[in-house]
Q: 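The following block contains the structure, expressed as structure tokens.
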Amino acid sequence: MYTVPSTGHPLKSHVVGGDGSIASVAAVPFGAAARRTLGAMEFDWTPEQRALRAEAAEVARDAVARFGRSNDSWINGFSKEFAAELAGRGWIGLTWPAEFGGGGRPPIDRLIIGEELIVAGAPIAAMWFADRQMGPSLIKYGRPDQQDAFLPGILSGETTWCIGMSEPNAGSDLASLATTADDGGDHWVINGQKIWTSFGEVADYCYLICRTAKDGPPHRGISEIIVPMTAPGIEVRPIKDMTTNRHFCEVFFTDVRVPKENLVGVEGNAFKQTMAQLEHERGGIDRLVSNQALFELARARADTTDPLVRDEIAAIHSTYVIGRVLVAREVLRQAPAGFSAATKCLCTEHEQRVSEFVFRTLGPAATLWDEVTRGLCYAPGYTIMGGTSNVMRNILAERVLGLPR
């Protein structure tokens, strides 16, 4: 167990316990005073955090009853109506600064709410990307007029955003992307193709990563531009996968004209901006608990008289606890830069192990076409979406550990 500084009250710390619990406790001095105080330290969720978790669980149950349950609901469960309800509770932009319309609440609160909603399978996909990435990016890099134009729609749950990042020949290698935005005077002229663009078919805006210059090293000349999905010249082709989901899309841009003022941040210098955005994408609770419900279902049916089965359950639960601590470190900004690659590796490989356990436990019943089967068929994607595990290990080796290429 260890303590980590809180982003809230200056006299508080957050404590991460061995069971993955995160609690706020009074900061303590060193020396004798520390020894006297430490005996009373409680490694548990605070009453307020437990109440928030219970509230989130109840909201999630009600949403599932009304809208249906989805495996990996942060990417497969789409409901604009539920997004508006979450906005009404102040659960979109929960941790954003108040001056930008956010709730200004501790990041741990968002982790608690997100975990309960995803584990239950509540349909949060309509707001998840924008809340997780687009809003924070606009707050950090956007101009005041962009913040005024786009943040309110995200906070109200009215607008859905997709991310134009991967390309057919530039999957995990962002620096090799080829989609261009050429200077057209008072506008950009965009040409190229994106793939695996989740919700491209239903999104209002695309947060496009593109190339505005071709000179210099590959990571130079990359820019971020907000593209309305209603702009002429955009063609969207949904990709239906083996589970019948169709959130992945191909998006084609042909002479798409976008106002110059839609550039976010510094032209040609957005590689670092995008890397910061990926820290949000790779290290969140959604990468750990996407199929937790299937694990609970299988555990209830597992033959726990078999010591090997008990060992497997214990190993899975132990990895879940470790993953939760890693996610907490990301949320509390305690992890080194780039460490979200390690968090994503552990968490998504854990999700695949869960899938294998579910399949072995359910046996022939796992081959019936239902939500369990769909969840099992979807599992290979965990270690691919957001960057493959091999690429994550390279990032960890080179950027965190400083190993030679």
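One-based numbering along the sequence shown.
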Q: Can you run down the salt bridge (Lys or Arg N to Asp or Glu O under 4.0 Å) pairs that involve residues 379-393, sequence neighbours left out, and say none if there aren't any?
A: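 Listed once each, the pairs are Glu349-Arg393.
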Q: Got a sec, which residues hit ring pair (Phe, Tyr, Trp, His ring centres under 6.0 Å) with Phe357, two or more places apart in sequence or on another chain?
A: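 Phe357: ring pair (Phe, Tyr, Trp, His ring centres under 6.0 Å) contacts with Phe295.
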Q: Could you name each residue pair satisfying salt bridge (Lys or Arg N to Asp or Glu O under 4.0 Å) that touches residues 239-249, not counting sequence neighbours?
A: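 The answer is Glu201-Arg246.
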Q: Report the distance from atom CG of Asp131 to atom CZ of Arg110, rounding to the nearest 0.5 Å.
A: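 CZ of Arg110 is found 4.5 Å from CG of Asp131.
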Q: When the ring planes of Phe248 and Trp196 are compared, do they come out parallel, tilted or perpendicular, using 30° and 60° as the limits?
A: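 Rings of Phe248 and Trp196: perpendicular, over 60°.
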Q: What pairs of donor and acceptor atoms, side-chain ones from residues 376-386 against any protein atom, are under 3.5 angstrom apart with sequence neighbours left out?
A:
residue	atom	partner	partner atom	Å
Tyr378	OH	His247	NE2	2.9
Tyr382	OH	Asp72	OD1	2.6
Thr383	OG1	Gln352	NE2	3.1

Q: Hey, are Asn245 and Thr243 close enough side-chain-wise for a donor-acceptor pair under 3.5 Å?
A: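 Yes, side-chain donor-acceptor contact under 3.5 Å.
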Q: Does Thr180 offer a backbone N or O that forms a donor-acceptor pair with the side chain of Asn191 under 3.5 Å?
A: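 Side chain of Asn191 to backbone of Thr180: no pair is present.
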Q: Take Asp109 and Trp91, measure what side chain to side chain contact (heavy atoms under 4.5 Å, CB included) needs, and give me the verdict at the end.
A: CA-CA 9 Å; Asp109 286 0; Trp91 286 3; over 6 Å; no
Q: In chain order, what residues pass the salt bridge (charged side-chain N to carboxylate O under 4.0 Å, His left out) check against Arg301, with sequence neighbours excluded?
A: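 In terms of salt bridge (charged side-chain N to carboxylate O under 4.0 Å, His left out), with neighbours along the sequence ignored, Arg301 is linked to no residue.
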Q: Name all residues meeting the ring pair (Phe, Tyr, Trp, His ring centres under 6.0 Å) criterion together with His187; count only those two or more places apart in sequence or in a different chain, and write none if there are none.
A: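 None.
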Q: Testing the 3.5 Å rule here: is there a donor-acceptor pair between the side chains of Thr254 and Glu235?
A: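 Judged by distance alone, the side chains do not pair up.
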Q: Ala63 and Pro123: which non-hydrogen atoms are nearest, and at how many Å?
A: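 Scanning both residues, the minimum pair turns out to be CB-CD, 4.2 Å.
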Q: Should Trp45 and Leu52 count as side-chain neighbours, where that means a heavy-atom distance under 4.5 Å?
A: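 Of all side-chain heavy-atom pairs linking Leu52 with Trp45, none is under 4.5 Å.
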Q: Of all residues at least two apart in sequence or in a different chain, which pass the side chain to side chain contact (heavy atoms under 4.5 Å, CB included) check with Ala337?
A: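 Listed in chain order: nothing, the list is empty.
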Q: For Tyr205, check ring pair (Phe, Tyr, Trp, His ring centres under 6.0 Å) against everything at least two apart and list the hits.
A: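 Counting only residues at least two positions away or on another chain, Tyr205 forms a ring pair (Phe, Tyr, Trp, His ring centres under 6.0 Å) with Phe150, Trp161.
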Q: Once salt bridge (Lys or Arg N to Asp or Glu O under 4.0 Å) is applied, what residue pairs with a partner in residues 357-366 remain, sequence neighbours excluded?
A: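 Residue pairs with at least one partner in residues 357-366: Glu312-Arg360.
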Q: So with a 6.0 Å cut-off around CG of Asp215, is the heavy-atom count from everything else above 12?
A: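 Result for CG/Asp215: open.
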Q: If the condition is ring pair (Phe, Tyr, Trp, His ring centres under 6.0 Å), which residues does Phe339 pass it with, not counting sequence neighbours?
A: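 For Phe339, no residue satisfies ring pair (Phe, Tyr, Trp, His ring centres under 6.0 Å) once neighbours in sequence are set aside.
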Q: Quick one: does any side-chain atom of Lys140 pair with a main-chain N or O of Gln273 as donor and acceptor, under 3.5 Å?
A: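 A pair under 3.5 Å: no.
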Q: Side chain to side chain contact (heavy atoms under 4.5 Å, CB included), that's the test. Do Ile285 and Val331 meet it? Break it down for me.
A: CA-CA 9 Å; Ile285 192 65; Val331 166; over 6 Å; no
Q: Step by step, work out the side chain to side chain contact (heavy atoms under 4.5 Å, CB included) result for Tyr207 and Cys162.
A: CA-CA 6 Å; Tyr207 198 89; Cys162 63; over 6 Å; no
Q: Would you mind listing every salt bridge (Lys or Arg N to Asp or Glu O under 4.0 Å) that reaches into residues 250-267, with sequence neighbours excluded?
A: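 Matches after skipping sequence neighbours: Asp183-Lys260.
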Q: Between the main-chain N or O of Ile225 and the side-chain N or O of Asn262, is there a donor-acceptor pair closer than 3.5 Å?
A: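 Not confirmed, Asn262 side chain does not pair with Ile225 backbone.
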Q: Distance-only criterion, 3.5 Å: show the donor-acceptor pairs between side-chain atoms of residues 397-405 and protein atoms not counting sequence neighbours.
A:
residue	atom	partner	partner atom	Å
Glu398	OE1	Arg405	NH1	3.2

